[in-house]
Each structure stands twice: as C-alpha cells, then as structure tokens.
Amino acid sequence: LPCWRCLHPRPCRRAPPPHPPPPRPPPPSPPPPAKSEAKQYYQLWADAPADGNSNLNLYTTYGVLCPYLYLRVAAVLRTQGLDESRIVNARNNNGCASIQGFPSSRPTRVEYKIYLQLTPSEWGALAGALRSSAVTVDDGHVMCGSTLYFQEYDTGANTLPPLTPAVQPQWLSHAKGSNVCYTNAYTRIRNA
C-alpha cells in the first residue's frame, strides 16, 4: 500500500525502534566504613598510705584528693580534644567513682578511683600523658608513698606499669618527692 503521507508511490519506511541504551556499569562500591574502636572502661586509681602522711582519711580523700585528681585528668582529656564527660560516675564521690579505706574501721591506706570510658587508643594517650608527668602527682594532689594504677576496669589488668615510689622516687617517695607529692592532705595545692 502506498503511504498516504508520502508523495512517492513507494511504501513508507518506519523508523526502526530505538535501541535501549547500553546498561550502565554499576557504581563503584563505597569503601568499607572505617573501623571505629569500641569504647571500653578503664580506671586510674591511687593507693595512698596513711603512714608518713598526715590528715589522710576518707573525708580528706573525698574533700581534697578526689577533686584535684579529677581536675588533673579532665585537663589532660581537654588537651587531647576529649570531653571530661568521659569520666564516669564522677559525681559519686566529689570527682571519684569509688573511695575505700583499708581496713574499714581505722584505715591505714585509702584507695580512690576514677573510671573512664574511652577507646583503647584514647586511653593509651591519656594514661601515657598522666604517667609520664610529674604534674599529675603535683596538680593531682597525690600523697607521698602512693601507687598510681592504670588499668582496664573489667579485668583489673595493668595497661601500663603502676607508678610507684620505687619507680619514680623523685615524684612519690617521702624522702625525695616531697616537693612534688604531698605529706599532708590539707596542704594547699602548689600551682593554685
């Protein structure tokens, strides 16, 4: 049949059906998300002996030692770009999460602890900074003869060796460290 639109008596040609466009390659898969470290609980704690120190008891630990150690830890957290809210249960005991005297009736030593929730790398940086600076002992109002522990909370495993009077006598021993550590819980902080 002649095409009625055509002026020529030949049949009309129909346009070929459009070919579908070639399939597009799939978009590249996104890179895997960076593995973020899970936060864990850690503890920094001091074991302070009453022997050789005056006015060390549960009341002065609550009123003097805990607030100063808390402030020191919070200051180091801020220098590392972290918030002091990473310190857990700090309101329990005026900056500490736990205070205990041993024996409980008439303590000859006091333990006070700060708990933190950090990633392992954040804890490593914080603990390293605290352990390597005499300012921790001085600004933290740490009593002479004390031992400072840096541990995982769940296991109690040391993440760094404890800071002891034998390891750092110039900071923590009664004989050599009295210009850094404190022998009286009521002594005013030196750098205030």
*Knowing that exactly one of Arg78, Arg72, Arg91 qualifies, which makes a salt bridge (Lys or Arg N to Asp or Glu O under 4.0 Å) with Glu84?*
Arg78
*Report yes or no: does His141 contribute a side-chain atom to a donor-acceptor pair with the main-chain N or O of Thr187 at less than 3.5 Å?*
yes
*Would you kindly confirm whether Leu172 and Ile189 end up in one hydrophobic cluster when ILVMFWY residues are joined by side chain heavy atoms under 4.5 Å apart?*
yes
*Would you say Leu118 and Glu37 make side-chain contact, with heavy atoms under 4.5 Å?*
no
*Provide the closest heavy-atom pair for Gly156 versus Gln43 in the form atom of the first, atom of the second, distance.*
CA-NE2, 4.4 Å
_Test item: Thr61 and Cys66 side chains (from C-beta on) under 4.5 Å apart, heavy atoms_ = yes
*Answer yes when Glu122 and Lys39 have at least one side-chain N-carboxylate O distance shorter than 4.0 Å, and no when they do not.*
no
*asked:* Salt bridge or not between Glu111 and Arg109? Use side-chain N to carboxylate O under 4.0 Å.
replied: yes
*Using the test ring pair (Phe, Tyr, Trp, His ring centres under 6.0 Å), find all partners of Tyr186 that sit at least two apart in sequence or belong to another chain.*
none
*asked:* Can you give me the closest heavy-atom contact between Gly128 and Ser132, atom names plus distance?
replied: O-OG, 2.8 Å
*Validation row: Ile87, Ile114 side chains within 4.5 angstrom (heavy atoms)*: yes
*Between CG of Asp47 and CE of Met143, what distance do you get to the nearest 0.5 Å?*
12.5 Å
*Closest approach of Asn53 to Tyr182 (non-hydrogen atoms, all atoms of both residues)*: OD1-O, 3.4 Å
*CG-OG1 distance between Asn55 and Thr183, expressed to the nearest 0.5 angstrom*: 10.0 Å
*Is there a chain of hydrophobic side chains (I, L, V, M, F, W, Y, each step under 4.5 Å between heavy atoms) that links Val142 to Val180?*
yes
*Check whether any side-chain heavy atom of Thr147 sits under 4.5 Å from a side-chain heavy atom of Pro165, and report yes or no.*
yes
*If you look at every heavy atom in Tyr115 and Ala97, which pair is closest and at what distance?*
CD1-CB, 3.2 Å
*Return the minimal non-hydrogen interatomic distance between Ser104 and Pro107, and the atom names on each side.*
O-CD, 4.1 Å
_Any heavy-atom pair between the side chains of Phe150 and Trp123 that's under 4.5 Å?_
yes
*Measure the SG-OH distance between Cys96 and Tyr70 for me, rounded to the nearest 0.5 Å.*
11.0 Å
*Any idea how Tyr153 and Tyr41 line up, ring-wise: parallel (<30°), tilted (30 to 60°), or perpendicular (>60°)?*
perpendicular
*Would a 4.5 Å heavy-atom cut-off, applied to side chains only, mark Leu65 and Tyr112 as touching?*
yes
*Side chain to side chain, Gln100 and Val110, heavy atoms closer than 4.5 Å*: no
*Contacts of type ring pair (Phe, Tyr, Trp, His ring centres under 6.0 Å), residue Tyr149, not counting sequence neighbours*: Trp45
*Side-chain heavy-atom pair Leu77, Val73 within 4.5 angstrom cut-off*: yes
*Least distance between heavy atoms, Val76 atom then Thr79 atom*: O-OG1, 2.7 Å
*asked:* Run the side-chain hydrogen bond (donor to acceptor under 3.5 Å, both in side chains) test on Thr159 and Gln151 for me, step by step, so that the C-alpha distance in whole Å, both residues' side-chain angles and the decisive distance to 0.1 Å come before the verdict.
replied: CA-CA 5 Å; Thr159 58; Gln151 298 177 334; over 6 Å; no
*How long is the span from the OG1 atom in Thr119 to the CG atom in Leu82, to the nearest 0.5 Å?*
8.0 Å
_Just verifying a value: how many Å separate Leu69 CG and Asp139 CG, rounded to the nearest 0.5 Å?_
10.5 Å
*Can you name the residues that form a ring pair (Phe, Tyr, Trp, His ring centres under 6.0 Å) with Tyr62, not counting sequence neighbours?*
none
*Output the distance between atom CG (Asn184) and atom OG (Ser178), rounded to the nearest 0.5 Å.*
12.5 Å
*Does CZ in Phe102 sit with more than 12 non-hydrogen atoms of other residues, nucleotides or ligands closer than 6.0 Å?*
yes
*Using the rule that two of Ile, Leu, Val, Met, Phe, Trp, Tyr join whenever any of their side-chain heavy atoms come within less than 4.5 Å, decide whether Leu44 and Val88 are in one cluster.*
no
*Would you sort out whether Arg131 and Val167 count as a side chain to side chain contact (heavy atoms under 4.5 Å, CB included), showing the intermediate values?*
CA-CA 11 Å; Arg131 189 181 186 284; Val167 171; 3.9 Å; yes
